[in-house]
Amino acid sequence: MLSAFLCMLVGSSILGNSEVASDTLYITCLTGKPPVIDGALDDECWKEALEISDFVQLKPNEGEPPTGKTYCYLTYDSKNLYVAFYCKDKFSQDIKAVKTTRDDLVSIASGDFVVLYLDTYGDRKSAYVFLFNPYGSVADGIATSGSLSEEDLRWDAIVTSEGRITSDGYIVEAMIPLSNFRFSSKETQIWRILIMRSIFRKNENDLFPIVTREEIASSFFDAFASLKGIRLIGRHKLKMNLIPYGTLMNDEVKSMDKFLEVGTRIGGDLRIKIGPNFITDLTISPDFSQVEADVSQIDINIIYPLSYPEKRFFFQEGQEEFLTPIPGGEVGLHKLAKPLDIVYTRRIIDPSFGAKTVGKALGSRIVLVGAKDRGSDAYSPASFFVGRAKRDIWKNAYVGVITTSKEYGDFYNRVGGLDANFKFLKHFDLSLQALGSSSYGDQMEDFDLDYTLQEHKNGSAVYAGLLCVSSDPMFTHTTNLVFKSVSPEFYACTGLIDRRDMSLLDLEHNFQIWIKKYGIRYVELGLGYLDIHNYDFSVLTDRIVSPQLRFQFEKNVSLNLNYNDFMERWAGVDYRGEGFGLTFQQLGRYLSYQIGYNLGDGINYMEGYLGWKQSGVLWGNFRPYPRLQLTLTCYFENFYKERFKSSVYYCVVPDFRINYQFTKEIFGRIILQNIRTKFYKVDVTTDQGFSDLLIGYEYQPGTVFYLGLNLPFNGTEKEFETGGLSVFLKGSYSFGIRK
């Protein structure tokens, strides 16, 4: 669902080498009193600010004037960038928005919002992204060159924002400290900018500068307007942020007399910004910044590792530099076509110390990360290192180098390699990646599979992806061709490698037709073909053909149908089968829901036979009024030996959440989650869950306070787990120091 919202945000963030004509804007420095951020345009400074109002519809009616006028105002001083939006709407009572916490993208993007992209280097390679809804709730991140809906929301900025709905639309004001950004050291800056407004009920996106879908599809960052007139900000001197944190927790509350027997954990982060270009982070025992459990995923009868988001403050800056462009498909086995992910920071489980430097010098983007991990298993403590550099070789191309290592005891794993990205002939995007690994040790762990290394093992992996996108007012074509090869001896203990010993060919094509009749916005036809052999091409291990059909209707209603015909080799046996899936989604002002269902043949990897599987998801979100949200998510999976006969197992994971936003900074959250699994052959049922209560105060990144209670429940034994009650108090505060 997150990817769907991001695709709605930017369409396709794909670059080309064509030069798209863009406007040039001139911003002036604020000399008087800065604005009061209160959601009202009554400050004198806005009268002298840069005004932008030449928006045009990107969809649904490309090139036509917007149905509601939009004004954006920009100004700055030596410390901050100030931005305001005045979004007119004759039917303001129909504006959809909720009051929510920062970075709640699902809530913000499923309503009316505005987006500000800022390319502070002006190099067409990446941009800071800020989303604001009509109440001033904000989500921020970084968009990277060549990525398709890959905005990295792990980056957090200090932002002060406020918004209000008026009788003729809504107003948003924001103050963004310049210390959030990295930019060149030149006294006179040339930034690049793009602004978008989304009108939810009309499925309408309005864009500045004036460009077409074809230009956005082929050269997203080239479509930005130049922003000139910014001066002196390169003279910022040393700036530091010290963020100590502490946690008090009692995770074995058995009686009230034991309530005050608490454990403690303290640590902190120090962020140092030297000039405009470089940021250095130091951490001691970093806070996981996680005040609730990871969202549960069904982990029965799977052969690939599960991925969870990184939430630690220390690892957020610079994460976007590890992304490789052009991710592969996400349907079924097509997810194996994604680039090789050799940096997955949650492999660093419990670091006692870490250091990181992020910046740009001599045309190269640089990230260096080192950490000492206490871990939680027999392979700890371990030392980690990641080094990354990307250099622009011309406007629409870069080359990069990366190296990683993990060491503990006599064991080591080291990975190094090159990658590159080129845009050419307007519509084509080529990504290349080549890696080598060297490993040695007695034992190491990779996705719960233990193996012994009696000698040095050297492995290699390559990836090549070619993407072609073309668009006009009626049609959009997208073709993605991927080749990927990973040797049996290739290991990356700092990353998340789904599969080794394979050579893969993946082809996906999507054809989108904009109809805009009979209540239909567009129809999308897709076809995917995947072929996987082992590394030396001697054995065919997988083959899948997957056509799909998608309808996007008015009023935010969509229907997706897909079919899979597959062959998969498991434990020396070839299995052939087919499956069908559908997804129906409606996003409304007060109620949004999604129903997904999959049915067809499936392999029982635990026992080795072809059976019958049905799975699905039900998601619903109810907003009776702006401060309150009720969300239900339920996953289920049933497996049979035959079609709906001889049940093997079933698993259901319901998750119910109540969120209430008391103020912009203070919220309350209740989570009720259960995981129920039954294995019929051994007549065993497991039933576990938890209830989670959280009161939070989130002022700015680094300044947060939480009070929480977690009560696990063991339904198998019909009782609450003894000593399972956990109570915690967590807080951190960001101290700013400037010299």
Set of side-chain hydrogen bond (donor to acceptor under 3.5 Å, both in side chains) partners for Arg391, sequence neighbours left out
Ser364
Relative to each other, are the rings of Trp514 and Tyr522 parallel, tilted or perpendicular (30° and 60° limits)?
tilted
Nearest non-hydrogen partners of Gly436 and Phe490, listed with the distance
C-CE1, 4.1 Å
Any heavy-atom pair between the side chains of Leu425 and His427 that's under 4.5 Å?
no
Cation over ring face, Lys406 and Tyr408, 6.0 Å, 45°:
no
Inter-residue atom distance Leu599.CG - Ser615.OG, 0.5 Å rounding:
8.5 Å
Side chain to side chain contact (heavy atoms under 4.5 Å, CB included) between Phe422 and Ser431: does it pass, once the steps are laid out?
CA-CA 7 Å; Phe422 306 91; Ser431 288; over 6 Å; no
Which distance, rounded to the nearest 0.5 Å, do you find between the OG of Ser437 and the CG of Asn458?
7.0 Å
Residue set satisfying salt bridge (Lys or Arg N to Asp or Glu O under 4.0 Å) with Glu407, at least two apart, ordered chain then number -> Arg414
Looking only at the side chains, is there a donor atom on one of Gln586 and Tyr593 sitting less than 3.5 Å from an acceptor on the other?
yes
Holding to salt bridge (Lys or Arg N to Asp or Glu O under 4.0 Å), I want the full list of residues that pass it with Lys681, two or more places apart in sequence or in another chain.
Glu607
Pairwise salt bridge (charged side-chain N to carboxylate O under 4.0 Å, His left out) hits with a residue in residues 523-535, at least two apart:
Asp531-Arg543
Test your reading of the model: is there a side-chain donor-acceptor pair from Asp501 to the backbone of Tyr535, 3.5 Å cut-off?
yes
With sequence neighbours excluded, tell me which residues meet side-chain hydrogen bond (donor to acceptor under 3.5 Å, both in side chains) with Ser503.
Ser485
Applying the side-chain hydrogen bond (donor to acceptor under 3.5 Å, both in side chains) test to Asn604, which of Trp570, Tyr609, Tyr575 qualifies?
Tyr609
So, taking the atom named OG in Ser110 and the one named CG in Asn556, what distance separates them when rounded to the nearest 0.5 Å?
9.5 Å
With the side chain counted from C-beta on, respond yes when Val653 and Asn674 share a heavy-atom pair under 4.5 Å apart, and no when they do not.
no
Less than 4.5 Å apart, side chain to side chain, heavy atoms only: is that true for Leu505 and Val482?
no
Does the pair Asn413 and Ser439 meet the rule for a side-chain hydrogen bond (donor to acceptor under 3.5 Å, both in side chains), with working shown?
CA-CA 4 Å; Asn413 170 249; Ser439 307; 2.7 Å; yes
Ignoring hydrogens and geometry beyond distance, is a side-chain donor-acceptor pair present between Asp655 and Thr633 at under 3.5 Å?
no
Start with the C-alpha distance between Cys493 and Phe411, add both sets of side-chain angles, then the distance that settles side chain to side chain contact (heavy atoms under 4.5 Å, CB included), and finish with yes or no.
CA-CA 11 Å; Cys493 292; Phe411 163 77; 3.9 Å; yes
Between Thr478 and Leu467, is there a side-chain heavy-atom distance shorter than 4.5 Å?
yes
Flag, side chain of Arg657 to backbone of Ile671, donor-acceptor distance under 3.5 Å
no
Report the C-alpha distance between Arg388 and Asp419 in whole Å, list the side-chain angles of each, state the deciding distance to 0.1 Å, and finish with yes or no for salt bridge (Lys or Arg N to Asp or Glu O under 4.0 Å).
CA-CA 11 Å; Arg388 171 67 162 157; Asp419 63 282; 2.5 Å; yes
Closest heavy-atom pair and its distance - Ser126, Ile142
CB-CG2, 4.5 Å
Can you list everything that forms a side-chain hydrogen bond (donor to acceptor under 3.5 Å, both in side chains) with His477? Sequence neighbours excluded, please.
none
What I want to check is whether the side chains of Thr541 and Asn534 have a donor and an acceptor closer together than 3.5 Å.
no
Enter the distance from Asn564:CG to Gln548:CD here, rounded to the nearest 0.5 Å.
9.0 Å
Taking side-chain contact (heavy atoms from CB on, under 4.5 Å) as the definition, give me every residue that meets it alongside Asp104, ordered by chain and number, with sequence neighbours left out.
Thr100, Thr101, Val106, Ser107, Gln629
Shortest non-hydrogen contact between Met502 and Ile532, atoms and distance
CB-CG2, 3.9 Å
Would you call the rings of Phe428 and Phe424 parallel, tilted or perpendicular, taking 30° and 60° as the class edges?
parallel
Heavy-atom side-chain proximity of Leu527 to Val545 below 4.5 angstrom:
yes
List in chain and number order the residues that pass ring-ring contact (aromatic ring centres under 6.0 Å, His included) with Tyr640, two or more places apart in sequence or in another chain; answer none if no residue qualifies.
Phe644
Between CZ of Phe636 and CG of Leu618, what distance do you get to the nearest 0.5 Å?
9.5 Å
Least distance between heavy atoms, Tyr491 atom then Val415 atom:
O-CG2, 3.4 Å
Derivation and outcome, side chain to side chain contact (heavy atoms under 4.5 Å, CB included), residues Phe679 and Thr685
CA-CA 6 Å; Phe679 297 92; Thr685 301; over 6 Å; no
Does a side-chain N-to-carboxylate-O contact under 4.0 Å join Asp683 and Lys678?
yes
Within-4.5 Å side-chain heavy-atom neighbours: Asn203 and Gln552:
yes
Kindly give the heavy-atom pair with the smallest separation between Val652 and Cys634, and that separation in Å.
CG2-SG, 3.7 Å
Heavy-atom distance under 4.5 Å between the side chains of Val367 and Val386, does that happen here?
no
Can you name the residues that form a side-chain contact (heavy atoms from CB on, under 4.5 Å) with Leu632, not counting sequence neighbours?
Phe656
Gap between atom OH of Tyr412 and atom OG of Ser405 - 0.5 Å precision
11.5 Å
Tyr463 six-ring face occupied by Lys484 cation (under 6.0 Å, within 45°)
no
Between Tyr650 and Tyr680, is any pair of side-chain heavy atoms under 4.5 Å apart?
yes
Among all residues two or more places apart in sequence or in another chain, which pass the salt bridge (Lys or Arg N to Asp or Glu O under 4.0 Å) test with Asp574?
Arg569
So, using ring-ring contact (aromatic ring centres under 6.0 Å, His included) as the criterion, who are the partners of Phe384 when residues are at least two apart?
none
Within the 3.5 Å criterion, strictly below it, is a donor on Glu637 or Tyr649 matched to an acceptor on the partner's side chain?
yes
Taken in chain and number order and not counting sequence neighbours, the residues that satisfy side-chain hydrogen bond (donor to acceptor under 3.5 Å, both in side chains) with Trp612 are none
With no hydrogens and no angle check, is any side-chain donor or acceptor of Asp373 less than 3.5 Å from a backbone partner on Asp350?
yes
Step by step, would you call Val557 with Leu587 a side chain to side chain contact (heavy atoms under 4.5 Å, CB included)?
CA-CA 7 Å; Val557 176; Leu587 304 177; over 6 Å; no
